[in-house]
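Let me begin by presenting the structure, written as structure tokens, before commenting on it.
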Amino acid sequence: MSTMLPPSSSGTSSSGTATQKTRKTADALEADRPTDPRGTEARTAAPWGTDPYANALRNGRGPLFLRRSDGWLLPLEVERWCSDAGAADLSALHRCEGPVLDIGCGPGRLVAELTALGHRALGIDVSEAAVARTRRIGGSALLRSVFDPLPGEGRWGTLLLVDGNIGIGGDPAALLDRAADLLSTGGLLIAETSPLDIDERVQVRLDDGRRAPAEKAVPGPADRPFPWARIGTPALLRYAGACGWRPDGQWSAEGRSFVALRRPRPRPAVRDRSARASSQSAESANSAPVISSQWER
């Protein structure tokens with residue numbers, strides 16, 4: 001799910017000056033945000049920006065679910081997302097390389113922990129409440145979808161798709177293609193998978209366990225279904241292999257399953273020798289680590 005993240009802890013591991021600096025960086029990046037080609041209406045309709053999710057993050061607890069059209073409910077672990085990074089989280093974070101982009105950062109626990117570990121880290125989320133909370137605990141975050149234009153495209157060292165976020169958009173193959181665009185050559189994708197051997201694409205909506213949409217006088221944006229996916233490790237490895245990703249490890253921690261993948265190398269086109277040499281130079285330059293000034297492009 002677009003889901004689980006960040007420490008409810010106040011992010012006090014950073015000094016006041018460091019926190020203020022982080023906020024300024026995030027504010028500058030948001031000011032530089034390209035216009036969303038889908039328009040304001042598409043952005044405001046983003047499911048994770050709606051009330052049940054925002055309320056859960058503000059309260060630091062659920063109940064919160066993804067509800068399928070047949071009524072089946074998937075509980076979302078709001079309390080864990082709003083706590084400090086745990087042992088399972090750290091098993092993934094300690095594998096991160098270079099600058100890290102946390103896709104669907106939620107309330108920001110992973111971004112805050114990465115910052116404390118000395119990584120350049122940025123979170124993105126479509127929920128205003130999630131972005132605000134991430135910044136409040138000392139992380140850097142932008143209000144964007146993974147499919148929006150993003151800073152540092154092609155230069156990120158590691159991407160995180162944890163807490164079910166491999167399901168974003170309901171199309172794992174399309175998400176893997178987008179991830180390849182964001183990573184540097186040889187970059188690392190760390191994804192959390194379902195502990196079940198499953199490959200499911202569904203329409204879901206957010207549900208706080210109160211009233212069904214039909215019982216509400218005026219159903220809101222949170223009542224609109226959106227595409228989601230749940231996949232286990234075997235399914236992810238099948239999708240990844242078809243897209244040219246190289247497995248780089250898989251493990252379990254605290255009942256959660258993870259897979260590490262290496263970015264597929266670009267397929268060489270038939271070109272003359274001088275064109276290939278020029279391309280290699282450009283690729284080398286584009287693979288440089290993301291620095292603050294590059295984020296603002």
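Reckoned from all heavy atoms, side chains included, excluding hydrogens, waters and symmetry mates.
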Side-chain contact, heavy-atom cut-off 4.5 Å: V111 with V100? no
Which atom names give the shortest non-hydrogen contact between I166 and L175, and what distance separates them? O-CD2, 3.5 Å
Between T158 and E97 (side chain of the first, backbone of the second, donor and acceptor by atom type, cut-off under 3.5 Å), is there such a pair? yes
About how many Å separate CG of L142 and CG of D148, when rounded to the nearest 0.5 Å? 10.0 Å
Backbone N/O of A180 and side chain of R263: donor-acceptor pair under 3.5 Å: yes
In terms of hydrophobic clustering (I, L, V, M, F, W, Y; side-chain heavy atoms under 4.5 Å; direct or indirect links), are V259 and I168 co-clustered? yes
So which heavy atom on N165 is nearest to which on G104, and how close? ND2-O, 3.0 Å
Stepwise, does the salt bridge (charged side-chain N to carboxylate O under 4.0 Å, His left out) test hold for R80 with E254? CA-CA 12 Å; R80 181 169 67 79; E254 296 187 323; over 6 Å; no
Side-chain heavy atoms nearer than 4.5 Å, only ILVMFWY residues, links allowed to pass through others: does that put I231 and W72 together? yes
Identify the two heavy atoms, one from F226 and one from L66, that lie closest to each other, and give their separation to 0.1 Å. CZ-CD2, 3.9 Å
ring-ring contact (aromatic ring centres under 6.0 Å, His included) against F258, all qualifying residues, sequence neighbours excluded: W251
Test applied, side chain to side chain contact (heavy atoms under 4.5 Å, CB included); reference residue, I124; option that passes from L143, V131, V146: V146
Taking the side chain as every heavy atom from C-beta outward, state whether L206 and L76 have any atom pair closer than 4.5 Å. yes
For the pair R256 (side chain) and A88 (backbone), establish whether a donor and an acceptor sit closer than 3.5 Å, ignoring hydrogens and angles. no
Is the backbone N or O of G106 less than 3.5 Å from a side-chain atom of D125, with the two atoms forming a donor-acceptor pair by type? yes
Nearest 0.5 angstrom please: L101 CG to C96 SG, how far? 11.0 Å
Going from CG on D102 to OG on S140, what distance comes out if it is rounded to the nearest 0.5 angstrom? 12.0 Å
Go through it in stages, so that I can follow the logic: the residues are D89 and D84, the test is side-chain contact (heavy atoms from CB on, under 4.5 Å), and I'd like the CA-CA distance, side-chain angles, deciding distance and then a yes or no. CA-CA 9 Å; D89 297 322; D84 294 327; over 6 Å; no
Output for pair (T193 OG1, L161 CG), nearest 0.5 Å, gives 11.5 Å
For T134 and C105, which heavy atoms make the closest approach, and how far apart are they? OG1-SG, 3.8 Å
Sequence neighbours excluded, which residues qualify as salt bridge (charged side-chain N to carboxylate O under 4.0 Å, His left out) partners of D171? none
Using atom types as modelled and distance alone, determine if a side-chain donor or acceptor of S184 lies under 3.5 Å from a backbone N or O of W156. yes
According to a hydrophobic-cluster definition based on side-chain heavy atoms being under 4.5 Å apart (Ile, Leu, Val, Met, Phe, Trp, Tyr only), do V162 and L117 belong together? yes
Could you please spell out the steps behind the salt bridge (charged side-chain N to carboxylate O under 4.0 Å, His left out) verdict for D207 and R205? CA-CA 6 Å; D207 192 316; R205 64 176 179 82; 3.5 Å; yes
Would you name the heavy atoms of D177 and C243 that are closest together and state the gap between them? OD1-SG, 3.9 Å
Would you indicate whether the side-chain heavy atoms of L236 and P172 approach each other to under 4.5 Å? no
With sequence neighbours excluded, what pairs up with D199 under the salt bridge (charged side-chain N to carboxylate O under 4.0 Å, His left out) test? R201
Could you state the interatomic distance from CG (L93) to CG (L110), rounded to the nearest 0.5 Å? 5.5 Å
Which pair of heavy atoms, one from L57 and one from R133, lies closest together, and at what distance? O-NH1, 2.7 Å
With rounding to the nearest 0.5 Å, note down the distance linking CZ in R95 to CG in L188. 8.5 Å
Can you get from W228 to F65 by hopping between Ile, Leu, Val, Met, Phe, Trp and Tyr side chains that sit under 4.5 Å apart? no
